[in-house]
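Atoms within a ligand are numbered from 1 in the order they appear, just like the ligands themselves. Values below: every heavy atom of this structure, side chains too, minus hydrogens, waters and symmetry copies.
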Amino acid sequence: MSLQKEAYQQIKAILDAAKVNLVAVSKTKPNEDIQALYDLGQRAFGENYVQELVDKEAALPKDIHWHFIGHLQSNKVKYIAPFVHLIHGVDGEKLLQEINKQAIKNNRVISCLLQVHIASEETKFGFDSSSLLELIDSGRLSNYPNVLVKGLMGMASFTTDQAVLKNEFEGLSTSFNQVKSKLNNVHFDTLSMGMSSDYSLAIKEGSTMVRIGSLLFGARNQVL
Ligand SMILES: *Cc1c(COP(=O)(O)O)cnc(C)c1O
């Protein structure tokens, strides 16, 4: 299945009305599909794998905003540091330190979201809400002047149970508002939550940025 143009237009209209940003998740999808969505006006794309992102960035238009949404290993930050627009999954201080270092090398400030562990599954990465607040309260973010923490990101449990999803999104939204009031920073404005199956609910719970793949590009062959 290739690009779902009508779905894109419908989703875009809903998101624009709600003032929510769309990251089109293009992992595993060919450059032609990304170019086709670009031609419809989409500029923000999300990828999970460093090598795939590096290859796509080299081949596709330079005004694309590339979002890294996967689990990022510290030793791979250097490959995306020159161009990445927003790193969604920052889940520890070691990674913050490395992003800061690579940002300095590239003479830029790299925007990031702190990932919060909201799902019941063990496999999802992220800070838990108490270690997140501890990091904020400690003032240690100022050790990373070339990292701009723009908000939070979370992934809900892999379930269709709306009550569970609502509860997890509410928890993340609460953390977002707490951190926002503590930081008192105008740049802290991004809450990345919601994917193809749960974005409507995520928006109701305060999402400002959704990451949507399969509704736009069709189902993926691999389970990722
Ligand atoms: C793959 C992925 C998405 C998009 O998932 P869809 O269900 O295809 O919309 C969103 N966020 C993350 C972190 C992902 O890995």
Side-chain angles (χ1 to χ4, degrees), residues 1-12 14-15 18 20-30 33-34 36-37 42-54 56 64-73 76-77 80 84-92 95 111-127 150-162 164-165 168-169 171-173 176 190-224:
M1 209 160 34
S2 59
L3 182 65
Q4 312 290 301
K5 285 191 185 178
E6 280 175 21
Y8 173 67
Q9 267 136 3
Q10 281 168 10
I11 291 168
K12 191 74 177 99
I14 293 168
L15 297 178
V20 170
N21 295 297
L22 171 64
V23 177
V25 177
S26 47
K27 63 188 178 197
T28 80
K29 297 298 174 182
D33 288 4
I34 299 173
L37 195 52
Q42 180 66 24
R43 290 295 178 272
F45 290 88
E47 291 284 337
N48 279 45
Y49 295 96
V50 168
Q51 189 57 53
E52 187 179 348
L53 172 53
V54 167
K56 286 175 170 173
I64 288 179
H65 287 170
W66 291 106
H67 293 241
F68 191 81
I69 63 170
H71 178 63
L72 183 57
Q73 290 169 284
K76 297 206 170 150
V77 173
I80 63 171
V84 70
H85 181 73
L86 182 64
I87 299 176
H88 288 230
V90 177
D91 59 358
L95 188 54
S111 294
C112 292
L113 305 178
L114 301 176
Q115 183 168 0
V116 184
H117 184 274
I118 56 170
S120 47
E121 288 127 56
E122 304 249 320
T123 51
K124 306 238 160 107
F125 297 98
F127 291 92
K150 287 203 54 111
L152 303 182
M153 176 269 206
M155 284 180 82
S157 290
F158 188 68
T159 176
T160 54
D161 186 331
Q162 298 295 297
V164 170
L165 294 172
E168 292 176 359
F169 287 148
L172 182 56
S173 207
F176 177 72
T190 304
L191 179 54
S192 169
M193 65 179 194
M195 318 191 347
S196 289
S197 57
D198 55 20
Y199 78 93
S200 303
L201 185 58
I203 292 170
K204 281 199 199 106
E205 300 302 330
S207 171
T208 71
M209 183 176 278
V210 293
R211 310 174 306 268
I212 297 183
S214 38
L215 283 182
L216 302 177
F217 291 108
R220 289 176 297 273
N221 298 327
Q222 297 147 264
V223 180
L224 291 171

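- The N/O atoms of Arg211, backbone and side chain alike, include one that comes under 3.5 Å of an N/O atom in ligand 1.
- For ligand 1, the atoms closer than 4.0 angstrom to any heavy atom of Met155 are 13 (C).
- Less than 4.0 angstrom separates some heavy atom of Asn48 from each of these atoms of ligand 1: 15 (O).
- When each of Val20, Val210, Val116, Leu152 is tested with Leu191 by the rule side-chain contact (heavy atoms from CB on, under 4.5 Å), just one qualifies, namely Leu152.
- Rounding to the nearest 0.5 Å gives a distance of 11.0 Å between OG1 of Thr208 and CG of Leu15.
- Taking distance alone, with nitrogen or oxygen atoms compared against 3.5 Å, Ile212 stays at or beyond that limit from ligand 1.
- Note: His85 and His65 have parallel aromatic rings, judged against thresholds of 30 and 60 degrees for the angle between ring planes.
- The closest non-hydrogen atom to atom 5 (O) of ligand 1, taken over Glu47, His71, Met195, comes from Met195.
- Close contacts between ligand 1 and Gly213 involve ligand atoms 4 (C), 6 (P), 8 (O), 9 (O) [criterion: under 4.0 Å to a heavy atom].
- Under the ring pair (Phe, Tyr, Trp, His ring centres under 6.0 Å) criterion, Phe169 pairs with no residue, sequence neighbours left out.
- Residue Lys27 approaches ligand 1 through these ligand atoms, each under 4.0 Å from one of its heavy atoms: 1 (C), 2 (C), 3 (C), 14 (C), 15 (O).
- Which of Ser192, Gly70, Ser196, Gly89 comes nearest to atom 6 (P) of ligand 1 through a heavy atom is settled by distance: it is Ser196.
- Near Ser214, the atoms of ligand 1 lying under 4.0 angstrom from a non-hydrogen atom of the residue are 6 (P), 7 (O), 8 (O), 9 (O).
- Proximity of a side-chain donor or acceptor of Thr159 to a complementary backbone N or O of Asp161 within less than 3.5 Å is detected.
- In terms of the ring pair (Phe, Tyr, Trp, His ring centres under 6.0 Å) criterion, residue partners of His88 (sequence neighbours excluded) are, by chain and number, His67.
- Remark: the backbone N or O of Phe125 is paired with a side-chain donor or acceptor of Gln115 at under 3.5 angstrom.
- Heavy-atom separations between His88 and ligand 1 are all 4.0 Å or longer.
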